[in-house]
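Single-structure report; data block below.
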Amino acid sequence: MNKSRQLGQTDLYLSPLGLGTWQYSTKNSSGTSETFIGEVTQRLQREEALATNPFIASKWFPLARSASSITKTIDDRLEYLQIPTIDLYQIHQPTSRSSLRKQIEAMVSLAEQHKVKQIGVSNFSAKQMVKAHHLLQEYGMTLASNQVKYNLLHRSPEKNGTLEAAKELGITIIAYSPLQQGLLTGRFHEQPESLSKVSRFRKLQSNLTTKTLQRTEPLYQELKRLSLNYGMTISQISLNWLINAQGDTVLAIPGASKIQQAQDNVEALNFDLSNSDIERLNRISAGL
Ligand SMILES: NC(=O)c1ccc[n+]([C@@H]2O[C@H](COP(=O)([O-])OP(=O)(O)OC[C@H]3O[C@@H](n4cnc5c(N)ncnc54)[C@H](OP(=O)(O)O)[C@@H]3O)[C@@H](O)[C@H]2O)c1
């Protein structure tokens, strides 16, 4: 079963499945999902409904910004989230006005002030990720994680060296879009007409087209077969593959716009696909 996993080489242990929070933001308003998460966790704490404090991760957006904004904007983040320390703070992507060294120095200064606990990156290539890790080592830290797109229909991290380097250096891979934005739940294969309700942006991002449904039919059929065998949903099979196919290296953060989806997804922690079923899924998805 899927017990807590170490985040990189840090002293933090967390569930292999988290909750993506993109779904709680609006397009043009900065801090919306952080404010939502802050309010919800405060309310749950007041109601004594939380067994433990939730592990909170957030990101700094580097595009067209320099490293000085890391220190300038952190207090806003903490205020939105209503917490004194962010567990994991990530550089959202590799393009910034400042060098990576300057960005890492600013991130380390936040750790020294106990405003963040651990440092991660997102959308970094293997080479950029290794560089970030080595820079952090100069300051006595390690890179906790790299958040990248990874799922049964998007296995680039296995091919571009990211996963291999992460395993070698003990860096956690946080898989975003783990359900390929709904494609790996089976719902579009079951109701192709529902594709028409999906936004153009999402269709583009995840290649949500009728052609894709046809191409991925063999995988859908295998997921359906496994779903019947294990008595689990297709989403749960897809997520279980992701958190088990690479040992303890991968954590996933499925998004959910409905409570029932989050409840469905979290159940993926309660079983293990067999090695032979993982291998079969590997083979079928590689052949698409
Ligand atoms: N670092 C980055 O650059 C980056 C980029 C993208 C995403 N992310 C993060 O990754 C998180 C997850 O990625 P994502 O939202 O792109 O994709 P995802 O998790 O693959 O898909 C989420 C969507 O799939 C549907 N869904 C989820 N669970 C379901 C279930 N059990 N049954 C049926 N449908 C279900 C929902 O669609 P409906 O809402 O239509 O029902 C949901 O909004 C985001 O929330 C965000 O935090 C990070």
Side-chain angles (χ1 to χ4, degrees), residues 16-27 31-34 36-37 40 54-63 81 86 88-96 120-125 128-129 144-157 162 172-208 212 216 219-220 223-224 227 232-243 250-270:
L17 281 181
L19 176 66
T21 61
W22 206 6
Q23 279 67 12
Y24 317 123
S25 65
T26 50
K27 274 178 205 152
T32 318
S33 55
E34 285 163 325
F36 177 78
I37 296 301
V40 168
F55 178 96
I56 305 278
S58 194
K59 301 193 204 89
W60 171 72
F61 192 70
L63 197 64
L81 287 163
I86 294 172
L88 175 68
Y89 204 41
Q90 303 150 102
I91 299 174
H92 199 140
Q93 42 105 330
T95 314
S96 162
V121 292
S122 177
N123 297 308
F124 272 40
S125 69
Q128 291 159 341
M129 177 184 82
S145 57
N146 187 8
Q147 187 182 139
V148 295
K149 185 169 183 176
Y150 186 30
N151 64 52
L152 264 169
L153 288 170
H154 186 92
R155 293 174 60 191
S156 311
T162 313
T172 291
I173 292 293
I174 301 180
Y176 74 71
S177 301
L179 294 168
Q180 188 72 352
Q181 301 198 322
L183 204 64
L184 288 164
T185 68
R187 66 190 241 197
F188 297 122
H189 290 87
E190 281 151 21
Q191 291 184 309
E193 65 284 359
S194 62
L195 271 184
S196 62
K197 293 189 196 129
V198 171
S199 73
R200 248 161 83 133
F201 179 62
R202 181 163 158 190
K203 276 185 187 152
L204 269 177
Q205 267 196 324
S206 290
N207 201 12
L208 296 176
T212 305
T216 57
L219 179 62
Y220 165 65
L223 289 169
K224 203 160 93 171
S227 137
M232 307 305 286
T233 65
I234 290 180
S235 315
Q236 290 161 356
I237 302 287
S238 301
L239 291 172
N240 198 274
W241 172 85
L242 198 48
I243 58 175
V250 178
L251 312 178
I253 49 165
S257 62
K258 298 169 190 69
I259 291 172
Q260 195 266 325
Q261 292 175 350
Q263 284 168 340
D264 181 16
N265 297 340
V266 79
E267 291 295 320
L269 293 172
N270 296 335

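First listed ligand is number 1; within each ligand, the first listed atom is number 1.
Distance from atom 46 (C) of ligand 1 to its nearest protein heavy atom, with residue and atom name: W22 CB, 3.5 Å.
For Y24 against A256, the heavy-atom pair with the smallest separation is OH-O, 2.8 Å.
Near S235, the atoms of ligand 1 lying under 4.0 angstrom from a non-hydrogen atom of the residue are 30 (C), 31 (N), 32 (N). Per-residue contacts place G182 under 4.0 angstrom from the following atoms of ligand 1 (heavy atoms of the residue considered): 21 (O), 24 (O). Which parts of ligand 1 touch T21 is read off a 4.0 Å heavy-atom cut-off, strictly below it: atoms 45 (O), 47 (O). Taking a cut-off of under 4.0 Å to the non-hydrogen atoms of S257, the atoms of ligand 1 that pass are 38 (P), 39 (O), 41 (O). Near P254, meaning under 4.0 Å from any of its heavy atoms, are these atoms of ligand 1: 19 (O).
Comparing F188, Y176, F61 against atom 10 (O) of ligand 1, the shortest heavy-atom distance belongs to Y176. Remark: among candidates Q205, Q147, H154, Q181, the nearest residue to atom 21 (O) of ligand 1 is Q181, based on non-hydrogen atoms.
How far CD of E34 is from CD1 of I86: 6.5 Å, rounded to the nearest 0.5 Å.
Residue-to-ligand polar distances place L179 within reach of ligand 1: an N/O pair is separated by less than 3.5 Å. Checked against a 3.5 angstrom limit, the closest N/O atoms of G255 and ligand 1 fall inside it.
If you look at S177 next to ligand 1, the close heavy atoms, those under 4.0 Å, come from the backbone and the side chain alike. The backbone and the side chain of P178 each have at least one atom closer than 4.0 Å to an atom of ligand 1 (non-hydrogen atoms only). Both the backbone and the side chain of I253 come within contact range of ligand 1, each with a heavy atom under 4.0 Å. Under 4.0 angstrom from ligand 1, there are no non-hydrogen atoms of Q260. With a heavy-atom cut-off of 4.0 Å, R187 touches ligand 1 through its side chain alone. Residue-level proximity to ligand 1 for N265 is carried by the side chain, the only part with a heavy atom below 4.0 angstrom. By the criterion of a heavy-atom distance under 4.0 Å, neither the backbone nor the side chain of L184 is placed next to ligand 1. Both the backbone and the side chain of Q261 come within 4.0 Å of ligand 1, judged by heavy-atom distances.
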Problem - Criterion side chain to side chain contact (heavy atoms under 4.5 Å, CB included) on L223 and L152, from CA distance to verdict - result: CA-CA 11 Å; L223 289 169; L152 264 169; 4.0 Å; yes

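Put simply, the side chain of N123 gets close to the backbone of H92: a donor and an acceptor are under 3.5 Å apart. With T216 contributing its side chain and L219 its backbone, the two residues share no donor-acceptor pair below 3.5 Å. One N or O on the side chain of S125 and one on the backbone of Q128 form a donor-acceptor pair closer than 3.5 Å. The backbone N or O of M232 sits less than 3.5 Å from a side-chain atom of S227, completing a donor-acceptor pair. Q93 places no side-chain N or O within donor-acceptor distance of the main-chain N or O of F61, the cut-off being under 3.5 Å. A distance-only check finds a donor-acceptor pair linking the side chain of S238 to the backbone of I234 [under 3.5 Å].
A heavy-atom separation below 4.0 Å is found between H92 and ligand 1. Ligand 1 has K59 within reach: a non-hydrogen atom of the residue lies less than 4.0 Å from it. Residue-ligand proximity: K258 is placed with a non-hydrogen atom under 4.0 Å from ligand 1. At least one heavy atom of R202 lies less than 4.0 angstrom from ligand 1.
Residues S206 and H154 bring no donor and acceptor atom of their side chains to less than 3.5 Å of each other.
Heavy atoms from other residues, nucleotides or ligands lying under 6.0 Å from NZ of K224 number 12 at most. Annotation for L63: atom CG counts as buried by contact number, over 12 foreign heavy atoms lying within 6.0 Å.
The aromatic rings of F201 and W22 sit perpendicular to each other, their planes meeting at more than 60°, with 30° as the lower class boundary.
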